[in-house]
There are 2 protein chains.
Amino acid sequence: MSLDVGARLRSVRTTFALSQRELARRAGVTNGLISLIEQNRVSPSVSSLTKVLDGIPMSLAEFFTLDLSAAPQAFFSSEELVERGDESVSLRLVAAQRPGRQLTLLHERYAAGAATAEEMLTHRGEQGGVVIRGRIEITVGAATRVLGPGEAYYFASQLPHRFRNVGREACEIISARTPPTF
Amino acid sequence: MSLDVGARLRSVRTTFALSQRELARRAGVTNGLISLIEQNRVSPSVSSLTKVLDGIPMSLAEFFTLDLSAAPQAFFSSEELVERGDESVSLRLVAAQRPGRQLTLLHERYAAGAATAEEMLTHRGEQGGVVIRGRIEITVGAATRVLGPGEAYYFASQLPHRFRNVGREACEIISARTPPTF
DNA sequence: CTCATACGTTTAATATCCTAGACGACAAGC
DNA sequence: GCTTGTCGTCTAGGATATTAAACGTATGAG
């Protein structure tokens, strides 16, 4: 972890769109102190750093746990979405699987007649989704059901499951799942 | 969080079966300083606390994260208020928040001109979503962007954020987030 | 242009931290 | 008893953090 408390504070402050003076006002310290800390010209006492972080607000634990290297992208246009799959089944990854990510968000598209696989899938984690267009037949364990727009599902991924588009038009689903933890 | 850095340090030091002098020797500080810190008669600078913890050894993040089991969920009230929904903003809970659930899946609908709140929201976890209809202005930290159908977002919920429908028609989003139980 | 406001930085004076060293208390060994 | 050792605590003084107020720059309004 970076010992650079100054850069860390500056990063946090600017991320929260605060000026040195505004943060100083909220924290009950002077703007000069914040300037000095951010330049690493002083090493703040825990008490003063606590006051500063209270103005954000953020705990010491969060502050020191922060991963500065991760400058995460927050917005994704259609072109930026990673696309996988073939003609029949495509998955657009909203947030690509990265270490630290706790969610995987997908925009799934099933062509007419398409299915995930012949056999049933089973893996760890949980998943859910909402149908936004078309109709899809979902089998989870012993149960099978056809869902239309606005309808949703949620189940533990270790239950054997399969998706199949039984309609005539393409089916689109927005889904989310927990990352594969092994 | 417990501001009692002194008790925290004493607890850690005794857990590692170190005397004040022995820890001071390893850390390159004086035993008197450790005594004063443990009595909360001074608030150590980050630099000296770092030196002390290096003698254990332990990182600042670990030190401040220690035994925070009593972490209250205080920050989630505003979020829960929004979740009830009114005329302008409605959230359909696809997967209700239950113990054990790892995902919360939402179908959000913002009427024209609707917004989550005046102030920015900030809480733990991560969240992402895909716009399926309309246009929405999303502010995350210092960045603001308008997203349309097919576009997406993903960010750590701790960053201050706000959603606002700046268009004329209703906007719908499928979103997922990690549970606020942390 | 001039004024006003906001930004981050710097400086002199003050408050606080930190060190070096001494203190009393307790225990073990001779 | 007297030593020898280690424990945590305390105090004076030098080192450092922090304040209050000024500085220089940039930007927008009249």
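Order of the sequence lines fixes the chain letters, A, B, ..., with proteins taken first and strands second; residue numbering starts at 1 for each chain. Computation of the quantities below employed the complete heavy-atom set of this structure, encompassing side-chain atoms and omitting hydrogens, waters and symmetry-equivalent molecules.
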Strictly under 3.5 Å: I want the nitrogen or oxygen pairs between protein and nucleotides 7-13 of chain D, one per line.
{"unit_1": "D/dC7", "atom_1": "OP1", "unit_2": "B/S19", "atom_2": "OG", "d": "2.9"}
{"unit_1": "D/dG8", "atom_1": "OP1", "unit_2": "B/R13", "atom_2": "NH1", "d": "3.0"}
{"unit_1": "D/dG8", "atom_1": "OP2", "unit_2": "B/Q20", "atom_2": "N", "d": "3.0"}
{"unit_1": "D/dG8", "atom_1": "N7", "unit_2": "B/R21", "atom_2": "NH1", "d": "2.7"}
{"unit_1": "D/dG8", "atom_1": "O6", "unit_2": "B/R21", "atom_2": "NH1", "d": "3.4"}
{"unit_1": "D/dG8", "atom_1": "O6", "unit_2": "B/R21", "atom_2": "NH2", "d": "3.0"}
{"unit_1": "D/dT9", "atom_1": "OP2", "unit_2": "B/R10", "atom_2": "NH2", "d": "3.1"}
{"unit_1": "D/dT9", "atom_1": "OP2", "unit_2": "B/Q20", "atom_2": "NE2", "d": "3.1"}
{"unit_1": "D/dT9", "atom_1": "OP2", "unit_2": "B/S35", "atom_2": "OG", "d": "3.0"}
{"unit_1": "D/dT9", "atom_1": "O4", "unit_2": "B/N31", "atom_2": "ND2", "d": "3.0"}
{"unit_1": "D/dC10", "atom_1": "OP2", "unit_2": "B/Q39", "atom_2": "OE1", "d": "2.8"}
{"unit_1": "D/dC10", "atom_1": "OP2", "unit_2": "B/R41", "atom_2": "NH1", "d": "2.8"}

Quiz prompt | Residue pair B/A24 / B/T30: nearest heavy atoms and the distance that separates them | solution = CB-C, 3.6 Å

Quiz item: Would a 4.5 Å heavy-atom cut-off, applied to side chains only, mark B/L9 and B/V52 as touching?
Solution: yes

Self-check item: Closest approach of B/L33 to B/S48 (non-hydrogen atoms, all atoms of both residues)
Solution: CD2-CB, 4.4 Å

Self-check item: Phosphate OP1/OP2 of D/dT18 contacted by A/S45 side-chain N/O (<4.0 Å)
Solution: yes

Quiz item: Under 3.5 Å, side chain of A/Q39 to main-chain N/O of A/S35, donor-acceptor pair present?
Solution: yes

Practice problem: Please report the shortest heavy-atom distance between A/G134 and A/P149, naming the atom on each side. | Solution: O-CD, 3.2 Å

Exercise. Could you check whether A/V42 gets within reach of a base, just the sugar-phosphate, or nothing at all, counting any heavy atom under 4.0 Å?
Key: base

Quiz item: Counting only side-chain N and O atoms of A/T30, is one of them less than 4.0 Å from OP1 or OP2 of D/dA20?
Solution: no

Self-check item: Partners passing side-chain hydrogen bond (donor to acceptor under 3.5 Å, both in side chains) against A/R21 (at least two apart in sequence or in another chain)
Solution: none

Quiz item: Does B/E169 come within less than 4.0 Å of B/R135, counting only side-chain N to carboxylate O?
Solution: no

Quiz item: Taking any atom under 4.0 angstrom from a heavy atom of chain A, which nucleotides of DNA chain C are the first and last to qualify, 5' to 3'?
Solution: C/dC7 to C/dT10

Quiz item: Under 30°, 30 to 60°, or over 60°: which ring-plane class applies to B/F163 and B/Y153, parallel, tilted or perpendicular?
Solution: perpendicular

